[in-house]
Amino acid sequence: TFDEHLFGRRLLVFLIDKRTTNPYRLAEKMGVRYPDEEQKKILREEGRLKAIIDEKYDGKLIKIKLTPNSTYLIQVV
């Protein structure tokens with residue numbers, strides 16, 4: 001089954017929505033129209049995907065709530 005192939009493997013879940021992984025929104029909050037090099041560095045970091053779940057899969061149900069204008073990326077490694 002599907003679970004048998006996942007058990008014990010590393011599970012990463014990433015959330016992409018208007019509050020996370022959104023450099024445009026951060027630039028607006030910062031009041032930046034033409035970012036300097038330091039601001040670009042901050043904005044690039046904001047745009048990187050960050051795992052909200054990073055654990056070994058143990059067969060239990062993982063609950064995530066999908067909000068408007070959001071998506072999840074689920075990666076098994």
Side-chain angles (χ1 to χ4, degrees):
T1 66
F2 184 73
D3 285 350
E4 290 172 347
H5 297 291
L6 297 179
F7 192 80
R9 295 185 64 188
R10 184 175 175 203
L11 179 72
L12 298 161
V13 179
F14 302 90
L15 169 63
I16 304 166
D17 67 6
K18 66 181 180 181
R19 287 180 276 161
T20 61
T21 318
N22 190 338
Y24 180 77
R25 187 173 185 116
L26 179 60
E28 284 184 327
K29 284 182 179 180
M30 293 169 57
V32 173
R33 186 166 180 181
Y34 302 103
D36 60 29
E37 289 306 312
E38 184 61 30
Q39 291 167 328
K40 286 179 186 178
K41 184 178 175 181
I42 292 168
L43 293 171
R44 281 189 201 103
E45 180 61 29
E46 175 64 21
R48 289 183 61 231
L49 290 175
K50 298 161 197 78
I52 59 169
I53 297 174
D54 183 354
E55 59 190 39
K56 280 192 174 181
Y57 182 66
D58 59 5
K60 293 181 183 173
L61 182 67
I62 296 169
K63 293 183 181 183
I64 52 178
K65 182 178 179 183
L66 194 60
T67 58
N69 299 317
S70 68
T71 191
Y72 287 91
L73 168 65
I74 301 172
Q75 182 180 19
V76 180
V77 290

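Residue numbers run from 1 in the order of the sequence given. Only a predicted model underlies this, so the values are computations on that prediction, with no experimental measurement involved.
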How close do [X] and [Y] get, counting heavy atoms only, and between which atoms?
{"X": "Glu46", "Y": "Asn22", "answer": "OE2-N, 3.6 Å"}
{"X": "Met30", "Y": "Leu43", "answer": "SD-CD2, 4.3 Å"}
{"X": "Gly47", "Y": "Pro23", "answer": "CA-CD, 3.9 Å"}

_Residue pair Asp54, Arg10: steps toward the side chain to side chain contact (heavy atoms under 4.5 Å, CB included) verdict_ = CA-CA 7 Å; Asp54 183 354; Arg10 184 175 175 203; 2.8 Å; yes
Interatomic spacing from [atom1] in [X] to [atom2] in [Y] - rounded to 0.5 Å:
{"X": "Gln39", "Y": "Arg33", "atom1": "CD", "atom2": "CZ", "answer": "14.0 Å"}
{"X": "Thr21", "Y": "Phe14", "atom1": "OG1", "atom2": "CZ", "answer": "9.5 Å"}
{"X": "Arg44", "Y": "Arg48", "atom1": "CZ", "atom2": "CZ", "answer": "12.5 Å"}

*With a cut-off of 6.0 Å (strictly less than), are more than 12 heavy atoms of other residues, nucleotides or ligands near CG of Asp36?*
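Yes.
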*NZ of Lys50: more than 12 outside heavy atoms within 6.0 angstrom?*
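Buried by this count: over 12 neighbours within 6.0 Å.
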Any [X] side-chain heavy atom under 4.5 Å of [Y] side chain:
{"X": "Asn69", "Y": "Asp17", "answer": "no"}
{"X": "Ile62", "Y": "Ile53", "answer": "yes"}
{"X": "Tyr72", "Y": "Ile52", "answer": "yes"}

Check whether [X] and [Y] end up in the same hydrophobic cluster, where Ile, Leu, Val, Met, Phe, Trp and Tyr are linked by side-chain heavy atoms less than 4.5 Å apart.
{"X": "Tyr24", "Y": "Val32", "value": "no"}
{"X": "Leu12", "Y": "Ile16", "value": "yes"}
{"X": "Leu15", "Y": "Val76", "value": "yes"}
{"X": "Tyr57", "Y": "Ile74", "value": "yes"}

*So, Arg25 and Glu28, do they make that salt bridge, N to O below 4.0 Å?*
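No salt bridge links Arg25 with Glu28.
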